[in-house]
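Please read the structure below before turning to the comments.
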2 protein chains.
Amino acid sequence: MSAPDARLGPSDYVILGILAAAGPMTTYGLKRAIASSVGYFWPFPHAQLYAESARLAALGLLSETQEGGGRRRRVYSITPGGRAAVGSWLETPTPEPAQFRDLGLLKLAFGSLAGPEAVAALARDQAAAHAERLAAYEAYPGYPMEPHVRLTLELGLRYERAALGFWQEAILSADIRDVVVRESPGRDTRAG
Amino acid sequence: MSAPDARLGPSDYVILGILAAAGPMTTYGLKRAIASSVGYFWPFPHAQLYAESARLAALGLLSETQEGGGRRRRVYSITPGGRAAVGSWLETPTPEPAQFRDLGLLKLAFGSLAGPEAVAALARDQAAAHAERLAAYEAYPGYPMEPHVRLTLELGLRYERAALGFWQEAILSADIRDVVVRESPGRDTRAG
DNA sequence: GGGTACATGTAATCAGTTACATGATTTA
DNA sequence: TAAATCATGTAACTGATTACATGTACCC
């Protein structure tokens with residue numbers, strides 16, 4: 001059935017998924033649609049959209065038409081091939097672990113190079129930042145949101161709460177290693 | 001004092017930080033040192049080390065010497081300039097929010113395109129994967145680990161626990177949106 | 001009618017990844 | 001001593017980010 005499966009990356013599936021779910025739109029439309037859905041946790045700078053969607057069109061997974069009017073913007077829609085590609089992607093398992101890139105955490109790892117003062121300042125900073133994000137998450141409007149997307153937000157919330165708690169404990173403990181010490185004795189590894 | 005501050009990225013600070021903390025080593029040594037510290041959450045493919053550390057040497061932040069023996073491996077050590085760079089990096093605040101790239105979450109966001117069956121399968125998958133990682137984290141040896149690094153692991157643990165709980169609830173609920181529904185009543189959307 | 005914010009796009013660069021290649025060391 | 005594994009490195013490519021440039025709408 002001639003699947004033209006040149007390797008697609010996650011970003012490609014974001015584009016395909018949005019178009020499959022919400023119908024044809026311009027590149028700018030894509031930008032907004034992404035920003036209001038997976039954009040919360042999957043960064044996607046708009047410049048990339050142009051390259052990426054052109055490539056998908058070349059692969060036959062999108063079809064591209066130009067507007068007639070003054071500025072001839074491109075409008076993309078998904079082809080049956082594209083739809084099939086998202087579908088099978090959604091159904092294949094996802095072995096790769098999630099990766100989180102946290103600059104604060106990175107700095108913490110090198111805390112021994114800075115004084116305890118600097119580490120404490122870092123903790124205060126990070127706690128504040130996470131509190132702010134948490135508040136922003138909680139403030140999102142509930143109504144016009146696709147349920148699955150809302151779910152992803154729920155996990156985002158939990159991550160933020162975990163981070164906030166972590167950094168707050170780090171603040172409270174004069175010596176930072178108390179965070180772990182306090183955790184260790186009572187911790188039964190119930191992961192089994 | 002002529003700080004040659006060509007923009008440094010996080011990866012650069014990883015290299016500088018390791019060398020500052022643990023003394024001179026070969027590129028391969030760096031690879032291992034990274035793997036056993038921040039490598040848990042900050043992926044750093046070894047191929048990048050060669051390019052990156054050469055660049056840092058060119059900037060005068062590292063000094064590079066060749067071994068005399070059969071294979072003339074490069075040994076890097078940090079210069080005073082390099083040490084200063086890490087130091088000031090550690091002391092400047094970190095405004096950028098952490099970003100987590102989670103393929104499972106991305107698929108969940110597009111759950112409406114797949115059947116509830118597929119979403120349920122996804123949830124089962126993800127729960128299993130996170131449980132496994134959680135177990136791996138908990139199994140790390142405690143003793144020879146630098147306390148700050150251990151702390152980062154602690155946050156990693158909490159993230160994994162949050163994710164595990166999330167996906168487990170998703171499994172349990174026949175209809176996936178229950179995860180949110182159950183959360184909602186207690187949560188007053190205080191966004192005004 | 002000029003400023004400001006939103007919309008639309010290109011180009012250059014940089015970081016990250018994959019793939020490959022080969023040398024050294026251990027082990028069966 | 002052959003196979004396997006660990007160590008070391010290069011090259012090519014793809015994806016992500018930055019910077020810029022310009023167009024259009026609205027608002028004062």
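In what follows, chains are A, B, ... by sequence order, proteins preceding strands, each numbered from 1. A quick note: this is a predicted structure, and the numbers were derived from the prediction, not measured.
- Distance from the side chain of A:R74 is smallest to C:dT10 among C:dT10, D:dT17, D:dG15.
- Atom CZ in B:F44 sits roughly 7 Å away from atom P in C:dG16 (whole-Å rounding).
- Protein atom CG of B:L8 is 13 Å distant from nucleotide atom P of C:dC14, rounded to whole Å.
- Between C:dG16 and A:R101, a contact under 4.0 Å exists linking OP1 or OP2 to a side-chain N or O.
- Among the heavy atoms of the strands lying under 4.0 Å from B:A47 is at least one base atom, whether or not backbone atoms are also near.
- Rounded to an integer number of Å, the gap from A:W42 CH2 to D:dT17 P is 11 Å.
- Atom CZ of B:R32 is separated from atom P of D:dG9 by 13 Å (rounded to the nearest Å).
- Each of C:dG9, D:dT10, C:dA19 was ranked by its minimum atom distance to the side chain of B:Y50; first place goes to D:dT10.
- Picking from D:dT17, C:dT18, D:dG9 the nucleotide with the shortest atom distance to the side chain of B:H46 gives D:dG9.
- Closest of all the heavy-atom pairs between B:F100 and A:G156 is CZ-CA, 4.1 Å.
- Across every non-hydrogen atom of A:V149 and A:S37, the tightest pair is CG1-CA, 4.0 Å.
- Residue A:Q48 places none of its side-chain N or O atoms closer than 4.0 Å to OP1 or OP2 of D:dG15.
- In the set C:dG16, C:dA15, D:dG9, D:dG9 carries the atom at the smallest distance from any side-chain atom of B:T27.
- Mapping A:P43 and B:G29 onto DNA chain D by nearest heavy atom places B:G29 at the nucleotide closer to the 5' end.
- Using a cut-off of 4.0 Å between Lys/Arg side-chain N and Asp/Glu carboxylate O, B:E154 and B:R150 are scored as not salt-bridged.
- Distance from the side chain of B:E52 is smallest for C:dA15 among the nucleotides D:dG15, C:dT17, C:dA15.
- Between A:E96 and B:R101, none of the side-chain N atoms (NZ, or NE/NH1/NH2) sits under 4.0 Å from a carboxylate O, so this pair counts as no salt bridge.
- One can place CZ of B:R7 at 12 Å from C1' of C:dC14, the figure rounded to the nearest angstrom.
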